[in-house]
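Each residue takes its place number in the sequence, starting with 1. Just so you know, these numbers come straight off a predicted model, no measurement behind them.
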Amino acid sequence: MRKRNVSAVVGGIAGMALCHILVFRTVFERPSIIWRKKKYDCALVCGCPANLNGSPSVLMRTRVEKAVELWRKGKVGKLFFAGGHVKNPHIESEVMKEYAISLGVPKEQIITETQSVSTYHNMLHSKDIMEDHGLKSCVVVTNGWHLRKANHYAKKFGLDYVMCAAAEPYNATFIRTLWRYISINLHMYFNFYRGLY
């Protein structure tokens, strides 16, 4: 009898977990990574915190470097950096802009959005700024573990976009990267049930 009870509990937990996974995958679709254009109007780079001293963090560098690579290859017309200050006083998009300039991108090719404090706001505010600059399509650049979340909001706000993953930082261990996938997915799911975004 005790074994049956344990089996029933384990089965119930497994069933609930499977149900939640199916709901998650239905609400937060697989990122759109198929390029439908040879060139997009801009690379829209999702924000992430700078270092406390104002220098670009390792994670931030990977995103900027990917965007610059796309620009050099003629895949995008302009670079669009999104992000205000979240975890410290430094405005993320401005730090990314300065880093891109140091990599040889003319400042005339760069647009920034300085108010957003989340991925949701990155896409919300960026859409309006893109329209103001006549930019109709974008390559959303972020790290692999962040693609599904950025994809969800890019679709929500009706952007004409494709997702593009930046490389993982040189110092990222497998465990750390796995934890980023797990934690961001849990955060998205909890917010969904709380009715946020």
Side-chain angles (χ1 to χ4, degrees), residues 9-34 43-70 81-93 95-96 99-100 113 116-126 139-157 159 161-197:
V9 170
V10 170
I13 291 172
M16 287 180 62
L18 180 60
C19 179
H20 284 295
I21 289 170
L22 291 173
V23 171
F24 177 86
R25 291 178 66 86
T26 300
V27 174
F28 300 101
E29 298 176 6
R30 182 184 296 271
S32 176
I33 59 173
I34 299 173
L44 172 53
V45 184
C46 295
C48 63
N51 292 323
L52 289 175
N53 65 1
S55 64
S57 63
V58 176
L59 199 60
M60 182 183 280
R61 286 174 182 264
T62 65
R63 297 182 186 186
V64 175
E65 288 163 5
K66 186 62 179 182
V68 171
E69 175 190 327
L70 295 173
F81 299 116
H85 59 85
V86 182
K87 294 189 176 179
N88 58 51
H90 306 291
I91 297 174
E92 297 168 1
S93 58
V95 176
M96 290 191 285
Y99 184 47
E113 177 281 310
S116 60
V117 295
S118 68
T119 309
Y120 172 91
H121 295 100
N122 280 171
M123 301 304 160
L124 172 65
H125 298 317
S126 295
V139 179
V140 179
V141 178
T142 190
N143 297 91
W145 45 268
H146 189 236
L147 286 178
R148 191 179 291 266
K149 184 176 186 180
N151 181 81
H152 178 72
Y153 295 127
K155 184 176 181 181
K156 178 182 180 71
F157 293 113
L159 296 178
Y161 71 98
V162 66
M163 306 301 295
C164 184
E168 285 305 305
Y170 68 88
N171 63 348
T173 63
F174 172 77
I175 296 298
R176 188 172 185 181
T177 301
L178 179 62
W179 172 244
R180 281 177 168 152
Y181 273 98
I182 293 170
S183 63
I184 198 165
N185 287 342
L186 287 173
H187 185 257
M188 290 160 58
Y189 199 50
F190 290 148
N191 279 349
F192 166 69
Y193 273 104
R194 291 165 61 200
L196 299 176
Y197 310 144

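The side chain to side chain contact (heavy atoms under 4.5 Å, CB included) test applied to Val68 returns Val64, Arg72, Leu79, Ala100, Leu103, Val105, not counting sequence neighbours.
Going from atom CD of Glu113 over to atom CD of Glu92 covers 9.5 Å, rounded to the nearest 0.5 Å. Between the OG atom of Ser116 and the CD1 atom of Ile91 there is a distance of 10.5 Å, given to the nearest 0.5 Å. We find the CZ-CG distance between Phe157 and Asn122 to be 10.5 Å, quoted to the nearest 0.5 Å.
Taking 4.5 Å as the limit, every side-chain heavy atom of His146 sits out of range of all side-chain heavy atoms of Leu59. Using a 4.5 Å heavy-atom threshold, the side chains of Glu65 and Tyr99 count as touching. Looking at heavy atoms from C-beta onward, Met123 lies in side-chain contact with Val140 at the 4.5 angstrom threshold. Side-chain contact between Tyr153 and His121 is absent, with no heavy atoms from C-beta onward closer than 4.5 Å. Thr62 is not listed as a side-chain neighbour of Glu168, based on a closest heavy-atom distance of 4.5 Å or more. Contact check for Thr142 versus Leu147: side-chain heavy atoms found under the 4.5 Å cut-off.
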Could you go through residues 45-58 and list every donor-acceptor pair under 3.5 Å that involves a side-chain atom there, pairing it with any protein atom two or more places apart or in another chain?
from: Asn51; atom 1: ND2; to: Ser55; atom 2: OG; distance (Å): 2.9
from: Asn51; atom 1: ND2; to: Pro56; atom 2: O; distance (Å): 3.2
from: Asn53; atom 1: OD1; to: Ser55; atom 2: N; distance (Å): 3.0
from: Asn53; atom 1: OD1; to: Ser55; atom 2: OG; distance (Å): 2.7
from: Ser57; atom 1: OG; to: Pro49; atom 2: O; distance (Å): 2.9
from: Ser57; atom 1: OG; to: Met60; atom 2: N; distance (Å): 3.2

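Between Lys66 and Ala165, the closest heavy-atom pair is CE-O, 3.8 Å.
Side-chain polar atoms of Asn151 and Ser32 form no donor-acceptor pair below 3.5 angstrom.
Although no hydrogens or angles enter the test, the distance criterion places a donor-acceptor pair under 3.5 Å between the side chain of Asn143 and the main chain of Ala167.
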Evaluate side chain to side chain contact (heavy atoms under 4.5 Å, CB included) for Tyr120 paired with His152, printing each intermediate quantity in order. CA-CA 9 Å; Tyr120 172 91; His152 178 72; over 6 Å; no
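Residue Leu178 qualifies as enclosed at atom CG: its count of foreign heavy atoms under 6.0 Å is above 12.
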